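Everything below concerns the one structure shown next.
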Amino acid sequence: PQVEAGGLRVHRLVGWLLQNSLTKTLTRTAMLTRAIESYKRAAFEEDYEVWQAGKGVGKIDAVESCAEVIARFGEVARAA
């Protein structure tokens, strides 16, 4: 829902600001601050969702719980 509402492209003004080295730093700082606020909301509000994806999203085969991942790491460590 969030991606469909916001899209994957930046606003024209943001694109223009990212072209200059001084405004690029300020724009990235503002965007990071906004992202941190979004993550805070996701952490503490049950009805707020954040879906993050990057270059490695195609490598995801399954969604596992933390307990399953830690157990698998433990098994590999004991075997080594």
Side-chain angles (χ1 to χ4, degrees):
Q2 187 178 9
V3 172
E4 287 136 2
L8 298 174
R9 298 174 192 254
V10 296
H11 188 272
R12 287 183 190 166
L13 176 62
V14 174
W16 181 76
L17 289 170
L18 290 172
Q19 293 177 3
N20 180 297
S21 62
L22 175 62
T23 57
K24 179 186 272 189
T25 302
L26 296 172
T27 305
R28 284 184 173 174
T29 302
M31 292 171 74
L32 179 62
T33 302
R34 186 174 178 191
I36 290 171
E37 290 300 319
S38 178
Y39 293 143
K40 281 183 189 176
R41 284 185 58 199
F44 298 110
E45 295 179 18
E46 291 181 15
D47 62 335
Y48 191 79
E49 290 184 357
V50 173
W51 291 89
Q52 197 67 10
K55 293 180 181 179
V57 73
K59 303 288 184 190
I60 298 173
D61 296 323
V63 177
E64 302 175 275
S65 71
C66 291
E68 292 171 336
V69 173
I70 298 298
R72 192 170 66 245
F73 283 154
E75 291 169 8
V76 171
R78 282 188 291 279

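Starting from 1, each residue takes its place in the sequence as its number. Note that the coordinates shown come from a computational prediction; the quantities given were computed from them, not determined experimentally.
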Exercise. Out of Ile36, Val14, Leu26, which residue meets the side chain to side chain contact (heavy atoms under 4.5 Å, CB included) rule with Met31?
Worked result: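 When side chain to side chain contact (heavy atoms under 4.5 Å, CB included) is applied between Met31 and each of Ile36, Val14, Leu26, only Val14 qualifies.
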Exercise. Knowing that exactly one of Leu17, Thr23, Leu18 qualifies, which makes a side chain to side chain contact (heavy atoms under 4.5 Å, CB included) with Asn20?
Worked result: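 With Asn20 as partner, side chain to side chain contact (heavy atoms under 4.5 Å, CB included) holds for just one option, Thr23.
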Exercise. If you round to the nearest 0.5 Å, how far is CZ of Arg34 from OG1 of Thr29?
Worked result: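 Taking OG1 in Thr29 and CZ in Arg34, the distance rounds to 15.0 Å.
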For this session: Check step by step if salt bridge (charged side-chain N to carboxylate O under 4.0 Å, His left out) holds for Glu75 and Arg72.
Result: CA-CA 5 Å; Glu75 291 169 8; Arg72 192 170 66 245; over 6 Å; no
